[in-house]
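Quick notes on the structure that follows.
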Amino acid sequence: MSEAQLWDAVDAYFTELLSPPDEVLTAALADSDAAGLPAINVAPNQGKLLQLLAQLQGTRRVLEIGTLGGYSTIWLGRALPADGRLVTLEYDAAHAEVARGNLARAGLDKITEVRVGPALESLPALADEHPEPFDLVFIDADKVNNARYIEWALRLTRPGSLIVLDNVVRGGRVTEPGGGDPSVEGTRAALELIASHPKLSGTAIQTVGSKGYDGFALARVLD
């Protein structure tokens, strides 16, 4: 068995045992695939981790940057109370339409809102509405702007809020400064911001599994 096959087998075991898929999540992936969306959604056990993090936070309000087909949105939305709110930002209108359908099937359309357009345009518009602070922000969009997304997350959260930044390992290339890959440089800038900002305390974790070699960063907003 190759290393990648072993990772897949372990992920499959964890998923079957601890976060088995249900009809809604399975249909969300099927509809995303049928619509031609890239298969870059979080793995089921990663979705369950997001849900648990939101529940541990006592989260009432979630901001997601990068919706895709709404798979991670469903995991997060299911952690919210009946009066909770989740705002998710998606660049591609076709992706957003698929996500809206998936969220409606999940019974989450009343507490979720999919906003379409570049996130760096949607975020200022959202801030202008002076919303209640978000308890959790999940960032899984274009990596070039990761540091700017962290900055906006800080503006839209409160002390004690949690920021989750996905896909930070970049196949190990995150260790290579000046390599010319904008996604790597954007991720490094975000991690350096987390490390240096006086209002953030964070860490980053490497992962292996059905999504290959990757990882995520967690940052808590301080007083």
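For the single chain, residues carry numbers from 1 onward in sequence order.
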Would you mind listing every salt bridge (Lys or Arg N to Asp or Glu O under 4.0 Å) that reaches into [range], with sequence neighbours excluded?
range            : result
residues 31-46   : Asp31-Arg105
residues 110-125 : Arg85-Glu113, Glu113-Arg115, Arg115-Glu129
residues 156-168 : Asp135-Arg158

Is [X] salt-bridged to [Y], going by a charged N under 4.0 Å from an acidic O?
X      : Y      : value
Arg170 : Asp181 : no
Glu97  : Arg100 : yes
Arg60  : Asp83  : yes

**Message:** I'd like to check the side-chain hydrogen bond (donor to acceptor under 3.5 Å, both in side chains) partners of Asn167; sequence neighbours left out, ordered by chain and number.
**Reply:**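 By the side-chain hydrogen bond (donor to acceptor under 3.5 Å, both in side chains) rule, Asn167 matches Lys143, Asp214.
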
**Message:** Once side-chain hydrogen bond (donor to acceptor under 3.5 Å, both in side chains) is applied, do any residues pair with Ser196, and if so which ones, sequence neighbours excluded?
**Reply:**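 Expected list: none.
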
Test side chain to side chain contact (heavy atoms under 4.5 Å, CB included) applied to [X] - qualifying residues, sequence neighbours left out:
X      : result
Pro177 : Arg188
Leu49  : Leu53, Phe216
Leu56  : none
Asp22  : Val24, Leu25, Arg78

What's in the same ILVMFWY side-chain cluster as [X], cut-off under 4.5 Å, chained through other members?
X      : result
Met1   : Leu6, Val10, Tyr13, Phe14, Leu17, Leu18
Leu37  : Ile40, Leu68, Val98
Val116 : none

